[in-house]
Amino acid sequence: MLESIGNLERTHSCGALRAENVGETIVLMGWVARRRDFGPLIFVDLRDRDGLTQVVFDEEFSREIHDKAEALRSEFVIAVTGEVIARDQNSINKKIATGEIEVRAKELLILNDAKTLPFQLEVAGSEQLASEDLRLKYRYLDLRRPQLQYNIRTRARVVSTIRRFMDEQDFTEIETPILIKSTPEGARDYIVPSRIQPGKFFALPQSPQLFKQLCMIAGLDKYFQIARCFRDEDLRADRQPEFTQLDVEISFPNTEQIFRLIEGMFERVFKLVNARLPIPFPRMTYREAMERYGSDKPDLRFEMELTDLSDDLKNTDFAPFANALEQNGQIKCLTVKGAGNYSRKQLDELQEFVKRYGAGALAWIKLADETTSSLLKVLGQETIEKLAQTAQAEKGDLVLIVAGKKKTVAAGLGALRVEIAKRENLIDRQAFKPLWVTEFPMFEFDESDGRFYAMHHPFTSPLDEDLENYKRAIETGENELLAGIRAKAYDAVLNGYEVGGGSIRIHQAAIQALNFKALGISPEKARERFGFFLEALEYGTPPHGGIALGIERIMMTVCGTDNIRDVMAFPKTASATDLMIEAPGDVDEAQLEELKIKIKE
RNA sequence: GGGAUAGAAGCACAAAGGCUGUGCACUUGAUUGUCGAUCAAGCAGGUGCGGGUUCGAGUCCCGUCUAUCCCGCCA
């Protein structure tokens, strides 16, 4: 028999009661986390979002209530009125915040029952959770787990802290449209058919980029938005098709102002979890990051930098190395301290690992009792010793070498660096290591379709020092020169995650036109795609720039998880479906008819 | 689009190519101090799906589906 809550009100949460409450009569409501039946005595761990409180149903105290409690099962929803009593010294439970007390029930309302759950929320004394697909199907149950409750509530605190901070800094929160126009540049769009304009489509924003720039043209001066963004691309452990950004734009800015603002924001956010960040953040150019770490988002929680061996090998006959150098490539290595005893199997695994990034092979030098190497036969002992010396390897160390195109070497060794840090447990889990990566290249050449793409986005301003070369390169079509042009673009990096990226934008129509030319977008095409924006640029556009920060990525570091699904209430699977609501789904024939859409086949 | 791993009771797992099993959950009973309660009994699957190899297949092979991680893609 289920009962009504009536006018009963909670006096405390299940995490609130302490020794000083002893003697009070209180009302708790929550879920039965666990029941321990001792016959005349029944213990119930009552759970809500704040914690657990032990409730005692004592036959001696109230026969009627005790007997009623016999019917309780896991996840029943109950209201308990009772007295807070102190526990014996030896029955204090140090594992829970309310462990010094318990509640002796004198009233019990069974507000709802619950079927046996399809999986146990947490198996006591075990790290094992049910498989993720099952937990995603019953996400509302998985969310009852204290860890997810903590993550979701911490996210809310972070977001409200950000709002308050941006408000204090005199920013205006502005909502931009969700139904916008598709722009083929950048990520694939999610598209939405229009009923009133059959055959036409909206797109969901990949980011509010052009709208925030238009806000600057509109004289709104300091804009921000906690903006939902959509990208129809494949998922990863840190990527979902819809996600949230703190989107920021400022008029008359310089990079320093933006860095200061964001550093202040991060400082405030990380205070919530009692973490201190180094202010100002260290900085590194893109070029330096790639050379030293093989990554534009280096994880600075551990050392282990790359070493260039190209000089030592410039006269080598060994074909893979000679070819790499001939094609303007590189030979670089990682020195792993104390890994000189790696087995053949381990080295094979690492080789397989770098091959995923396009590396042909992984050569190694082991400095054990004697120095051995997979290259011994082809390079000879002397060269091996020299390489080990250049790599600053000492006895007991391991040197891992990759040769090839610069991009491949960086990708392979950059990823290997992180992989080895995980295997060797080199990462300080408590540390927060932020970094600004600056001076990104303007463009990236795509071999497959033989044109340049904007590395950041097509509205990014070139670096002042590179402006002359930029203009010349575009006018004369010198690809090599163009590839070297740097942008006023920067990324915020935290613990190896790119948590944000931004730039100073182009505010002059003539430069914007040049940029489209560099990207191979004809004036006609540009007008068709971005005409409204190009026109807007001509009506007195102030210099402006900004940044967008990924809320989920920030939350991943705040919550100490490596999975984005742990910091979102209702995430999607790797194949971009929602197992709970079973989306995407079919629509009625009538709906399609209204939209004038026919499904092929 | 590609690669890797996994799929067995409600859940998590063990099972040299040879009778399937363990823990938790669940049900019933016992139990005055537990907090991963304990004890006893009970309930419960034939291994994601489709083929193949074999005297015999969770186990080997092929395909497929789902989940996860990665490459490509994406900032």
Side-chain angles (χ1 to χ4, degrees), chain A residues 33-46 52-61 66 73-75 87-88 90-96 98-99 102 115-138 141 186-189 206-207 209 229-241 243 245 296-297 349 352-359 408 411-412 415 419 437 440 444 446 448 453-457 460 489-493 497-503 547-550 553 562-563 565 572-575 577 579:
Chain A
R34 218 168 231 115
R35 175 188 59 118
R36 291 177 293 279
D37 186 346
F38 282 77
L41 207 55
I42 297 171
F43 298 99
V44 162
D45 291 338
L46 192 62
L52 290 178
T53 302
Q54 174 164 280
V55 179
V56 192
F57 296 91
D58 188 341
E59 192 177 63
E60 261 176 41
F61 185 71
H66 168 273
R73 294 293 181 272
S74 281
E75 302 304 312
R87 297 201 194 190
D88 284 351
N90 55 8
S91 64
I92 285 173
N93 184 351
K94 289 187 179 132
K95 291 186 211 159
I96 56 175
T98 61
E102 61 192 1
K115 294 205 293 186
T116 301
L117 266 40
F119 59 93
Q120 290 165 259
L121 296 188
E122 280 173 311
V123 178
S126 162
E127 297 302 303
Q128 288 172 341
L129 296 173
S131 63
E132 189 154 15
D133 51 342
L134 191 69
R135 287 185 290 122
L136 285 171
K137 181 177 175 192
Y138 296 98
L141 298 179
R188 194 177 290 114
D189 286 317
Q206 300 169 25
S207 87
Q209 184 58 38
C229 303
F230 305 86
R231 291 180 188 157
D232 188 3
E233 296 292 346
D234 285 358
L235 294 85
R236 286 284 190 285
D238 61 353
R239 256 164 47 190
Q240 282 269 313
F243 59 99
Q245 285 189 340
D296 61 355
K297 47 182 163 65
E349 277 172 19
E352 285 312 304
F353 182 85
V354 296
K355 278 184 173 175
R356 290 193 278 193
Y357 298 86
T408 310
E419 173 67 16
V437 177
F440 274 79
E444 202 172 18
D446 186 302
S448 64
Y453 281 86
M455 193 142 181
H456 185 57
H457 57 55
T460 304
Y490 35 81
D491 274 359
V493 174
Y497 284 104
E498 180 207 329
V499 294
S503 62
I547 191 165
L549 297 152
R553 299 252 175 99
D562 52 13
N563 199 298
R565 293 186 298 277
K572 292 181 176 55
T573 66
S575 53
T577 64
L579 294 177

Just N and O in the side chain of [X]: are any of them under 4.0 Å from OP1 or OP2 of [N]?
X	N	value
A:Arg73	B:U28	yes
A:Ser131	B:A12	yes
A:Arg34	B:A25	no
A:Ser74	B:C26	yes
A:Ser575	B:A67	yes
A:Lys95	B:G36	yes
A:Arg565	B:C69	yes

Describe the nucleic acid contact of [X] in one word from base, sugar-phosphate, nothing, applying a heavy-atom distance below 4.0 Å.
X	answer
A:Asp37	base
A:Glu102	base
A:Gln54	base
A:Tyr357	sugar-phosphate
A:Gly500	nothing
A:Arg356	sugar-phosphate
A:Arg239	base
A:Leu235	nothing
A:Asn563	sugar-phosphate
A:Ser503	nothing
A:Ser207	nothing

Using Watson-Crick geometry (N1-N3 plus N6-O4 or O6-N4) or G-U wobble (N1-O2, O6-N3), each under 3.5 Å, B:A67 is paired with B:U5
Applying the 3.5 Å cut-off to both distances, the Watson-Crick or G-U partner of B:C11 turns out to be B:G23
A:Ala574 has its side chain closest, among B:U68, B:A75, B:G10, to B:U68
Regarding the side chain of A:Thr116, the nearest nucleotide among B:G1, B:C69, B:C26 is B:C26
Using the [atom1] atom as the point on both nucleotides, what is the distance between [M] and [N], in whole Å?
N	M	atom1	answer
B:A9	B:U53	C1'	29 Å
B:U59	B:C19	P	14 Å
B:G18	B:G56	P	14 Å

Candidate pair A:Asp45 and A:Arg36, rule salt bridge (charged side-chain N to carboxylate O under 4.0 Å, His left out), full reasoning = CA-CA 9 Å; A:Asp45 291 338; A:Arg36 291 177 293 279; 3.0 Å; yes
Q.
Could you go through A:Arg565 and A:Gln240, starting from their C-alpha distance and side-chain angles, then the distance that decides it, and tell me whether this counts as side chain to side chain contact (heavy atoms under 4.5 Å, CB included)?
A. CA-CA 8 Å; A:Arg565 293 186 298 277; A:Gln240 282 269 313; 3.8 Å; yes
Output for pair (A:Glu349 CD, A:Glu419 CD), nearest 0.5 Å, gives 9.0 Å
